[in-house]
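As structure tokens, the structure follows; a few thoughts come after it.
The analysis underlying the following values was restricted to heavy atoms, covering all of them including side chains, and did not include hydrogens, waters or symmetry mates. All values derive from a computational prediction rather than experimental measurement. In the text below, chain A, chain B and the rest are named by the order of the sequence lines, each starting its count at 1.
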Amino acid sequence: MDNILSIQNVTKSYTGHKALDNVSLEVPRGSVYGLLGPNGAGKTTLIRVINRITIADSGSVILDGHQITSDDIFHIGYMPEERGLYKKMRVGEQAMFFARLKGLDAREAERRLRSWFERLGIADWWSRKVEDLSKGMAQKVQFISTVVHEPKLLIFDEPFSGFDPINANVLKEEILGLRDRGATIIFSTHNMASVEEICDHITLINKSRNILSGSVEQIRREAGGNTFELTYRSDYDTFTSAIGNLAEIIGESRGVVGGYTATKIHIANDSDIREVIRRINESCELRSLSEMMPSMNDIFIRAVNGTL
Amino acid sequence: MKKTWLIIAREFTERARKKSFIITTLLMPLFMIGLMIAPSLMMLYGGSELRQIIVVDKSGMIQGKLPSSDEVLFVDQPTLTKEEACQTYNAESGIFGILYISEEIEQRGGVQLITNSPSSPMLEELITSEIEAIVEREKLRSRYDIDNLDEMLADVATPIELQTYENNGTGNEEEMESVSSGINYALGLILGMLLYMIIILYGQMVLTSVVEEKASRVIDVMVTSCSPFQLMMGKILGIAAVALTQIAIWAILIMAASKFLIPTLFTADVVATNDVMLQAIVGTLGDTGYMATLFVYLTLFILGGFLLYASLYAAAGSAVDSVQDGQQFNTIIMMPIILALIVMMSVFNDANSPIAFWASMIPFTSPVVMIARIPFGIPTWEIITSIVVLYATFIFTTWLSAKIYRIGIFMHGKRPSWRELGEWLRMK
């Protein structure tokens with residue numbers, strides 16, 4: 001497979017702890033790649049290693065077939081989770097400044113920026129002060145600054161946080177549009193709904209290690225098969241003692257409707273679903289049971305808890 | 001390099017087009033001139049309120065002889081006792097105080113000033129010297145039996161005018177440079193203070209700016225387009241450019257005044273006044289070449305001093321999350337420069353003392369101390385050595401600060417300890 005980015009055995013330590021422990025992953029060209037993991041898992045450190053903000057202690061980062069160098073940051077666009085603009089500058093000047101730092105000459109930068117501003121409906125704000133922008137508009141400016149130099153690799157850290165649903169959708173469409181025009185997108189997020197919607201590959205990082213990698217479809221298929229949704233009539237304790245250690249309840253109970261409790265269980269790999277049903281039937285009234293494909297959210301939680 | 005230029009340009013324009021910058025640039029020279037003439041103005045108008053002093057003279061030697069002026073009016077009341085005078089002319093009377101002179105004038109406590117409101121050293125000095133002069137004359141008159149003493153003294157009174165020259169080995173006053181230590185003092189003081197202020201103000205601007213960039217997270221975006229070192233240097237040099245622009249504007253204003261204004265306005269009148277000090281001031285300010293040399297040195301020391309301190313301020317700013325947290329570092333960074341200011345004051349007594357020499361060589365104090373010494377005439381090799389040491393140290397501190405900066409800008413949370421800062425220095 002043609003990979004635009006390849007991370008090989010990257011390790012990075014800070015005083016007292018390892019932020020990345022022998023992490024490897026491959027990002028296919030033209031994909032939307034999800035970089036998942038709980039807070040503090042090492043995602044941001046990995047992104048900084050890719051951006052050459054921090055240098056890895058060992059391992060290598062290969063961009064487009066060669067060891068990444070500081071000249072390559074021109075080919076990368078990065079929108080950090082914490083967004084910042086110079087408050088005292090004018091919006092247009094600010095965008096121009098970032099675009100020129102990325103290597104565009106002044107005329108080309110202005111041409112592209114004007115068209116992006118038009119497109120995202122903030123053209124009137126060109127000469128206003130940054131501090132007058134609403135949060136959503138400031139994020140649009142940030143987004144434009146990230147993509148204006150048309151990099152082949154784009155990295156977004158929690159891009160939808162702080163956006164209202166309408167603007168989040170506008171942003172999503174723009175990101176997919178960039179992908180269609182040939183860019184590769186890396187998403188760092190813990191918003192699993194957006195992962196299911198737009199990512200085709202993921203890597204899950206937990207405690208500085210890559211614990212799960214692959215295409216979303218494949219991962220869901222492999223993780224599925226052992227997850228079931230069921231409704232029963234009984235109290236919670238009776239139910240849990242019935243399933244014992246054959247299965248575990250995933251997430252919150254889905255609530256009681258008409259006296260029936262709906263819940264999801266994941267059965268252990270070596271147990272048989274028929275045995276589980278028999279045990280439940282002994283003490284509870286089992287009303288319905290169906291197999292379900294796990295959501296990325298479930299996979300995330302199970303992978304992090306080590307029960308995948 | 002192109003990126004560093006972009007950052008320098010941004011830092012520069014953001015500040016230089018602020019109204020506050022334009023206003024301070026234009027007001028500062030006025031402020032400086034005010035600082036120069038304030039002491040004489042205060043002397044002129046400061047004591048404008050007339051102080052009335054009741055003189056109770058029991059010796060009979062002084063009464064009627066103390067000269068009143070615009071500021072002090074002596075009123076003789078020889079018949080009162082000290083106690084009566086104090087009762088009558090108390091705080092409500094509006095009288096400043098009572099000067100009591102006992103019969104034994106030369107004994108301790110023989111002359112007493114009893115005041116209703118705070119006295120001043122100048123007033124006490126005035127009274128003491130007047131009484132001394134009166135008593136001296138009285139003794140001369142009585143012991144040596146001289147009648148027309150006042151006329152004789154007026155006849156022999158001789159004002160002396162001391163001219164100081166810089167020795168060039170010829171002894172010919174036509175060729176030797178005339179110097180005025182008063183002017184040197186004033187110039188040294190102004191230049192030293194200016195340097196101190198610029199380093200502190202602009203240095204703290206670096207700290208504030210780094211902290212703001214870090215707190216607003218702009219830094220996270222910036223580092224994806226340029227290296228932390230470019231960012232730090234761009235900021236420091238951008239702010240340095242603002243400081244230099246300010247100096248350049250002042251230099252142009254003062255040079256223009258030196259070249260055109262001073263020769264046309266003052267020269268004739270000044271020569272007519274016979275006032276040595278005033279002539280020296282006009283002579284120095286009107287010497288355009290000398291003023292230009294001073295500005296070159298000033299620029300070199302301001303730039304070197306600023307760069308040295310700015311690199312430390314940048315490191316401090318990168319290590320903290322808020323300007324308040326930066327205060328502790330700020331205090332430590334300011335210590336040597338305040339020390340420099342103290343040493344500078346001693347320079348005015350002896351510009352070539354060992355402490356003045358060494359303080360103008362050690363880079364953390366050298367900008368302020370050296371610039372204050374230069375007007376007194378310092379060998380050029382000393383100035384050049386000081387500049388070389390200063391710039392070499394700046395390169396070293398920048399290298400050190402960059403190591404802290406590149407780690408610090410990504411660290412949020414509690415302020416790092418000194419040990420942690422040490423670890424950042426060693427990190428790859």
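Taking the six-membered ring where the residue is Trp, B:F394 and B:Y391 present perpendicular rings, their angle passing 60° and hence far from 30°.
Taking the ring axis of A:Y86 as reference, the NZ or CZ atom of B:R10 stays within 45° of it and closer than 6.0 Å to the ring centre. Taking the ring axis of A:W126 as reference, the NZ or CZ atom of A:R90 does not stay both within 45° of it and closer than 6.0 Å to the ring centre. Stacking of B:R15 on the aromatic ring of B:F21 is not recorded, the 6.0 Å distance cut-off and the 45° axial limit not both being met.
Judged purely by atom type and a 3.5 angstrom limit, B:E11 has no side-chain atom pairing as donor or acceptor with the backbone of B:I8. With hydrogens and angles disregarded, a donor-acceptor distance shorter than 3.5 Å links the side chain of B:E420 to the backbone of B:S417. Judged purely by atom type and a 3.5 angstrom limit, A:K129 has no side-chain atom pairing as donor or acceptor with the backbone of A:K87.
Contacts with chain A (heavy atom to heavy atom, under 4.5 Å) involve no residue of residues 237-251 of chain B. Within residues 211-218 of chain B, the residues having any heavy atom less than 4.5 Å from a heavy atom of chain A are, in residue-number order, B:E213, B:S216, B:R217, B:V218.
Heavy atoms of A:L101 lying under 4.5 Å from chain B belong to its backbone as well as its side chain. B:K2 touches chain A through its side chain: at least one heavy atom from C-beta onward sits under 4.5 Å away, while N, CA, C and O do not. Using a 4.5 Å cut-off between heavy atoms, A:R48 touches chain B through its side chain atoms alone. At a 4.5 Å heavy-atom cutoff, the contact between B:I7 and chain A is made by backbone and side-chain atoms alike.
The distance from atom OG1 of A:T184 to atom CG of A:N3, rounded to the nearest 0.5 Å, is 9.5 Å. A distance of 15.0 Å separates OH in A:Y33 from CD1 in A:I198, rounded to the nearest 0.5 Å. Atom CG of B:L201 and atom CZ of B:F306 lie 11.0 Å apart (nearest 0.5 Å).
Aromatic ring centres of A:F143 and A:F156 lie closer together than 6.0 Å.
Top candidate by heavy-atom pairs under 4.5 Å with chain B, chosen from A:Q142, A:E93, A:H149, is A:E93. When A:K88, A:K102, A:M79 are compared by the number of non-hydrogen pairs under 4.5 Å with chain B, A:K102 comes out ahead. Chosen from B:E14, B:M222, B:K18, the residue pairing most often with chain A at heavy-atom distances under 4.5 Å is B:M222.
Under a 4.0 Å N-O distance rule, the pair A:D105/A:R111 does not qualify as a salt bridge. Classification of A:E108 and A:R112 as a salt-bridged pair holds, one side-chain N sitting under 4.0 Å from a carboxylate O.
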